There are 2 protein chains.
Amino acid sequence: MPHSYTRETAAEGVESALKFIEGRWKLVILFHLFGGHVLRFSDLERAIPGISQKMLSQQLRQMEKDGMVRRIVHPTVPPKVDYCLTEWGQALCPALDALLTWGAQRETMSAAAQTEKA
Amino acid sequence: MPHSYTRETAAEGVESALKFIEGRWKLVILFHLFGGHVLRFSDLERAIPGISQKMLSQQLRQMEKDGMVRRIVHPTVPPKVDYCLTEWGQALCPALDALLTWGAQRETMSAAAQTEKA
DNA sequence: CAGTATCCCTGATGATACTG
DNA sequence: CAGTATCATCAGGGATACTG
């Protein structure tokens with residue numbers, strides 16, 4: 001690791017990074033917006049089965065506040081609101097990819113087949 | 001991303017990877033074991049202020065079950081138990097580093113200074 | 001030393017209903 | 001359409017006490 005972190009600050013740093021993507025629906029939303037997609041509230045609602053309006057709204061607000069998502073309100077009737085990722089939001093991609101890769105190594109790298117779990 | 005995942009399976013893949021490191025103390029424990037360190041239960045207890053025996057034990061058990069941590073029991077009196085990372089546990093390092101890097105980019109990349117939050 | 005066993009409490013999420 | 005408001009639920013975690 002090319003950083004000058006101590007164990008403690010590194011752990012804290014990762015923890016605070018994780019806070020941005022923790023939340024039952026954040027990753028699903030993220031993956032729908034990756035690639036520069038611009039989606040309306042109702043698009044996301046339809047794209048994500050099982051999510052409630054409350055949760056969709058709540059997670060989007062947090063992500064907006066955190067600076068991952070941009071919210072664009074069109075002052076029309078009926079209302080229209082677009083969502084897309086910020087530059088920083090897009091920048092999450094490599095990190096998630098690294099996580100994906102790590103997870104995929106589990107079967108490969110585990111010396112002995114441990115307990116199976118979902 | 002060099003993978004052949006759909007949005008949905010990618011989100012699920014990352015979610016399941018995240019489950020392995022979710023837990024109030026997992027990352028702190030991880031960072032104490034990175035670098036091949038071998039620590040006893042009491043070492044970790046002392047190294048991690050604020051953790052209770054219940055939590056330390058619980059998190060270690062999960063990590064062991066998940067295949068990230070190896071638990072070595074020495075059949076002595078009094079008992080002695082060593083903990084270290086498995087190969088797969090060590091392999092988490094690059095992913096956490098990517099997360100750290102992403103988090104660190106927040107101030108740099110955010111167009112406008114958004115709401116400040118811990 | 002290295003844990004278990006209990007009890008409690010809070011925050012995150014879900015279900016449902018209502019609105020500018 | 002794009003939300004907000006309320007209420008109910010539940011798992012994760014904390015505090016404390018006990019044990020092979």
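Worth knowing before you read on, the calculation uses all heavy atoms, side chains too, and leaves out hydrogens, waters and symmetry mates. Fair warning: this is a prediction, and the values are worked out from it, not measured in the lab.
Between A:R40 atom CZ and D:dC1 atom P there is a gap of 7 Å when expressed in whole angstrom units. Put simply, NZ on A:K80 is 9 Å from P on D:dA2, counting in whole angstrom units. Nucleotide C:dA15 holds its P atom 15 Å from the CG atom of A:L56, rounded to whole Å. Here the C1' atom of nucleotide C:dA12 and the CZ atom of A:R61 are 19 Å apart, to the nearest Å. In this entry the distance linking CZ of B:R46 with C1' of C:dA2 reads 12 Å, nearest Å. The nearest whole Å value for the distance from the CG atom in B:D43 to the P atom in C:dA2 is 8 Å. Residue A:L39 contributes atom CG, which lies 15 Å from atom C1' of D:dA2 at whole-angstrom precision. If you measure from atom CD1 of B:I48 to atom C1' of C:dG3, you get 15 Å, rounded to the nearest angstrom.
At distances below 3.5 Å, at least one donor-acceptor pair connects side-chain atoms of B:T86 with backbone N or O atoms of B:G67. B:R46 places no side-chain N or O within donor-acceptor distance of the main-chain N or O of B:F41, the cut-off being under 3.5 Å. The closest donor-acceptor contact from the side chain of A:S16 to the backbone of A:E12 lies under 3.5 Å. Side-chain atoms of B:D43 come within 3.5 Å of backbone atoms of B:R40 as a donor-acceptor pair (strictly under, hydrogens ignored).
The partner of D:dG13 is C:dC8, judged by Watson-Crick or G-U wobble contacts that both fall below 3.5 Å. The base-pairing partner of C:dC1, taking Watson-Crick or G-U wobble contacts with both distances under 3.5 Å, is D:dG20.
In this model, the phosphate group of C:dC1 is not approached by any side-chain N or O of B:Y83 to a distance below 4.0 Å at OP1 or OP2. For D:dT4, one of the phosphate oxygens OP1 or OP2 lies less than 4.0 angstrom from a side-chain nitrogen or oxygen of A:S57.
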**Report entry** Under 4.0 Å protein heavy-atom contacts per nucleotide of nucleotides 5-20 of chain D, with B for base, S for backbone only and - for none
**Finding:** BB------BBB----B
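Of the candidates B:D82, B:V81, B:L60, B:V81 is the only one forming a side-chain contact (heavy atoms from CB on, under 4.5 Å) with B:R71.
For CD of B:E22, the number of neighbouring non-hydrogen atoms (other residues, nucleotides, ligands) closer than 6.0 Å is greater than 12.
For the atom pair A:Y83 OH and A:L33 CG, the distance stands at 10.5 Å (nearest 0.5 Å).
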